[in-house]
K.L.:
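Let me give you the structure first, and then I'll get to my questions.
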Protein chains: 2
Amino acid sequence: MQTINIAIVDDHPLIISGLVAILRPYTQIVVRGTYTSAAGLLEGLKKDCPDVLLLDILLPDVSGKELITTIREAYPALRVLVLTSLDMPSMVSSMLRRGCSGYLLKGAPSNTLIDAIEAVHGGGEYIEPKLKEQLFQNFLRFKEHPRNQIVVPELTQREKEVLALIAAEYTTREIADKLFISYYTAENHRNNLIQKLDVKNTAGLIKVAIQIGLLS
Amino acid sequence: MQTINIAIVDDHPLIISGLVAILRPYTQIVVRGTYTSAAGLLEGLKKDCPDVLLLDILLPDVSGKELITTIREAYPALRVLVLTSLDMPSMVSSMLRRGCSGYLLKGAPSNTLIDAIEAVHGGGEYIEPKLKEQLFQNFLRFKEHPRNQIVVPELTQREKEVLALIAAEYTTREIADKLFISYYTAENHRNNLIQKLDVKNTAGLIKVAIQIGLLS
DNA sequence: TCTTTTCTCCCGGTTTCCCGGTAGACGCCG
DNA sequence: CGGCGTCTACCGGGAAACCGGGAGAAAAGA
């Protein structure tokens, strides 16, 4: 059994000690550091080198939303398991887009916590089933009425087509030919996609598109 | 309830009529065309415009493996549900890599078939649970013993690191700096990844890596 | 020991992507 | 009608990716 090093950040010391107590019986999981603020975490991460981070969203200094972005940049290999009491599907998708590997509600039973940590550590993901389902429902509704821009950024029909072709490894030139539009137009759509999905390049585009269900 | 247009290709006419009979009670599913060969399918696809394609792998003229590649190129929006009697995990991963959205064994109960079609049509996927599990086990074994190159192309440690950074939207220059290696080395790894995963560019790299579980 | 693989570094050249604009045509809706 | 959004098209320039090689050192296996 491989040991899993974790770090915890949560603004309530009580919750932290609760988590530590829950995790203590599971010897394969080692808590390397606990923090009550984003600043403290960023300091401690350097020496802790955890595999998994339990992250609360509501923190005193920086929001977990911004924090996860910073962390993912600095430690791409670190898996982030969001552990929060915010049960909004929109928050799930938001955090997923920022690269978390799991989303768990506080109050989940301890064995679920263990399962989630192990899943996340093993390269999988664990999303609170209820929220996952709601997210999916939102997505369905979005598909039926493209007006309800709740979760997924609203892409136009043309943009979706271009996105599919990008994912199919076509170049902009080829996409243009295939859709009978100018090269410039195809490039426009491509740029708009990158803007709308808030990514930096094709790699991010594909990754995010898959994460939010625009691609399979 | 949205209607789902499907096409079927299978070398046995009996299976086709069986499928049609199974699907008839489900009025939301409309069979637009049935074919017993790849050539026939490619002809008929033009006018059928189905949403979902039920695809057998063993066909008289072309293997389903090659066929799916062709189809995905020509109709990126078309969802392919593989329906076969080949219960090899390696075939599942192979077809997934080529862009199918589902993998079902012949002999699955009819409600499973319906579920799969609807899942696939709705942007999801449906993989025969048993095979999915086996695939996952293979993957685990692969992780423990990097020697068993059964399903997933064997990536070196360094390549995995580079892959993760590519997915994190870093440029080659940034990856090189981050790993303390030369720009050329980072680019080598990038090129090797593209070769090993048999893709054409970064878009394909990310997509395939996610599909086969190298990225989340 | 010999071979294979991995990781490293290098080069020149081509293609593609990314950015930040501008701008006209069309349709929809208040 | 006037505004908004989409789709279309265009431009220039810079950055990045892609290709196809060569090549050496070190580690791991056969």
Side-chain angles (χ1 to χ4, degrees), chain A residues 73 77 142-143 145-150 152-209 214-215, chain B residues 77 142-150 152-209 214-215:
Chain A
E73 294 222 345
F142 166 78
K143 278 185 75 176
H145 302 291
R147 200 131 307 282
N148 311 17
Q149 181 194 349
I150 312 174
V152 180
E154 184 166 4
L155 298 189
T156 66
Q157 187 54 38
R158 213 48 163 167
E159 284 164 349
K160 287 183 208 164
E161 290 174 40
V162 171
L163 175 58
L165 291 172
I166 293 174
E169 307 185 21
Y170 289 98
T171 67
T172 307
R173 175 77 266 159
E174 292 168 336
I175 293 172
D177 291 344
K178 211 159 190 62
L179 297 181
F180 303 109
I181 57 180
S182 152
Y183 169 82
Y184 300 108
T185 307
E187 196 179 53
N188 255 2
H189 290 312
R190 190 184 200 110
N191 288 332
N192 289 339
L193 282 166
I194 288 181
Q195 299 247 317
K196 283 192 179 179
L197 295 194
D198 189 27
V199 293
K200 289 206 285 227
N201 51 32
T202 306
L205 184 61
I206 299 296
K207 197 186 63 165
V208 169
L214 292 169
L215 293 173
Chain B
F142 165 78
K143 279 184 76 176
E144 282 167 19
H145 303 288
R147 196 129 311 285
N148 312 19
Q149 181 193 347
I150 312 175
V152 179
E154 185 167 4
L155 298 189
T156 68
Q157 187 54 38
R158 213 47 162 170
E159 283 165 351
K160 286 183 209 165
E161 289 174 43
V162 172
L163 175 58
L165 291 172
I166 293 173
E169 305 185 22
Y170 288 98
T171 68
T172 306
R173 175 78 266 159
E174 291 168 336
I175 293 172
D177 291 345
K178 212 160 189 61
L179 298 180
F180 302 109
I181 57 180
S182 153
Y183 170 81
Y184 299 109
T185 307
E187 196 181 52
N188 254 2
H189 290 312
R190 190 183 200 111
N191 288 331
N192 289 339
L193 281 167
I194 288 181
Q195 300 250 319
K196 283 193 179 180
L197 295 195
D198 189 27
V199 293
K200 290 207 287 229
N201 51 32
T202 304
L205 184 62
I206 299 298
K207 197 185 65 164
V208 169
L214 292 169
L215 294 171

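In what follows, chains are A, B, ... by sequence order, proteins preceding strands, each numbered from 1. In what follows, every heavy atom counts, from backbone to side chain, and hydrogens, waters and symmetry copies are set aside. What you are looking at is a predicted structure, and each value in this text was computed from that prediction instead of being measured.
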K.L.:
Measuring from atom OG1 of B/Thr156 to atom NZ of B/Lys196, what distance do you get when rounded to the nearest 0.5 angstrom?
P.N.:
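Here the interatomic distance stands at 5.0 Å.
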K.L.:
According to side chain to side chain donor-acceptor pair (under 3.5 Å), who are the partners of A/Arg190, at least two apart in sequence or on a separate chain?
P.N.:
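Listed in chain order: A/Thr172, A/Thr202.
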K.L.:
Measure from NZ on B/Lys196 to C1' on C/dT5 and round the result to the nearest Å.
P.N.:
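Spelled out: NZ on B/Lys196 to C1' on C/dT5 is 9 Å.
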K.L.:
With respect to the phosphate group of D/dT8, does any side-chain polar atom (N or O) of A/His189 fall under 4.0 Å of OP1 or OP2?
P.N.:
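Indeed, a polar side-chain atom of A/His189 lies that close.
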K.L.:
Could you state the CG-P distance from A/Leu205 to C/dC18, rounded to the nearest angstrom?
P.N.:
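Between P of C/dC18 and CG of A/Leu205: 8 Å.
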K.L.:
Grab the CG-C1' distance between B/Leu179 and C/dC7 for me, whole Å please.
P.N.:
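Interatomic distance, CG of B/Leu179 to C1' of C/dC7: 12 Å.
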K.L.:
What's the separation between atom OG1 in A/Thr171 and atom CG in B/Asn201, rounded to the nearest 0.5 Å?
P.N.:
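If we round to the nearest 0.5 Å, A/Thr171:OG1 and B/Asn201:CG are 8.5 Å apart.
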K.L.:
Rounded to the nearest angstrom, tell me the gap between atom CD1 in A/Ile166 and atom P in C/dT16.
P.N.:
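Whole-Å distance recorded here is 14 Å.
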K.L.:
Keeping the roles fixed (side chain from B/Asn192, backbone from B/Gln195), state whether a donor-acceptor pair exists under 3.5 Å.
P.N.:
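Judged by distance alone, no pair lies under 3.5 Å.
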K.L.:
Mind checking what makes side chain to side chain donor-acceptor pair (under 3.5 Å) contact with B/Asp177, not counting sequence neighbours?
P.N.:
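Scan of B/Asp177 (side chain to side chain donor-acceptor pair (under 3.5 Å), adjacent residues dropped) gives B/Arg173.
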K.L.:
For nucleotides 15-19 of chain D, print each protein N/O atom paired with a nucleotide N/O atom at under 3.5 Å, atom names and distance only.
P.N.:
from: D/dA17; atom 1: OP1; to: B/Arg190; atom 2: NH1; distance (Å): 3.4
from: D/dA17; atom 1: OP1; to: B/Arg190; atom 2: NH2; distance (Å): 3.3
from: D/dA17; atom 1: OP2; to: B/Thr172; atom 2: N; distance (Å): 2.8
from: D/dA17; atom 1: OP2; to: B/Thr172; atom 2: OG1; distance (Å): 2.6
from: D/dC18; atom 1: OP1; to: B/Thr202; atom 2: N; distance (Å): 2.8
from: D/dC18; atom 1: OP1; to: B/Thr202; atom 2: OG1; distance (Å): 3.0
from: D/dC18; atom 1: OP2; to: B/Arg190; atom 2: NE; distance (Å): 3.0
from: D/dC18; atom 1: OP2; to: B/Thr202; atom 2: OG1; distance (Å): 3.2
from: D/dC18; atom 1: N4; to: B/Glu187; atom 2: OE2; distance (Å): 2.8

K.L.:
5'-most contact on DNA chain C: B/Tyr184 or B/Thr156, nearest heavy atom basis?
P.N.:
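Here B/Thr156 is the residue nearer the 5' end.
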K.L.:
Rounded to whole Å, please give me the gap between CG in A/Leu165 and P in C/dT16.
P.N.:
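Atom-to-atom, A/Leu165 to C/dT16, this comes out as 15 Å.
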K.L.:
Once rounded to the nearest 0.5 Å, what's the spacing between atom CG of B/Leu163 and atom NE2 of B/His189?
P.N.:
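NE2 of B/His189 is found 12.0 Å from CG of B/Leu163.
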K.L.:
Can you name the nearest heavy-atom pair linking A/Ala186 to A/Ile175, along with the distance?
P.N.:
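Distance-wise, the nearest heavy atoms are CB-CG2, 4.3 Å.
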K.L.:
How large an angle, rounded to 10°, do the end axes of the helix from C/dT1-D/dA30 to C/dG30-D/dC1 enclose when each is built from five base pairs?
P.N.:
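Both end axes considered, the difference amounts to 60°.
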K.L.:
Under 3.5 Å, which N/O atoms of the protein pair with N/O atoms of nucleotides 22-30 of chain C?
P.N.:
none

K.L.:
State whether A/Thr185 places a side-chain N or O below 4.0 Å from either non-bridging phosphate oxygen (OP1 or OP2) of D/dA9.
P.N.:
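Answer yes for this pair, as a side-chain N or O of A/Thr185 is under 4.0 Å from OP1 or OP2.
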K.L.:
Which residues satisfy the side chain to side chain contact (heavy atoms under 4.5 Å, CB included) test with B/Ala167, sequence neighbours excluded?
P.N.:
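B/Ala167 satisfies side chain to side chain contact (heavy atoms under 4.5 Å, CB included) with A/Lys207, B/Ile206, B/Leu215 once adjacent residues are dropped.
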K.L.:
Taking B/Asn191's backbone N and O only, do any of them form a donor-acceptor pair with B/Asn188's side chain (distance below 3.5 Å, no angle check)?
P.N.:
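Here the side-chain-to-backbone pair does not exist.
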K.L.:
So do the side chains of A/Thr185 and A/Arg158 get within less than 4.5 Å of each other, counting heavy atoms only?
P.N.:
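Answer no - side chains too far apart.
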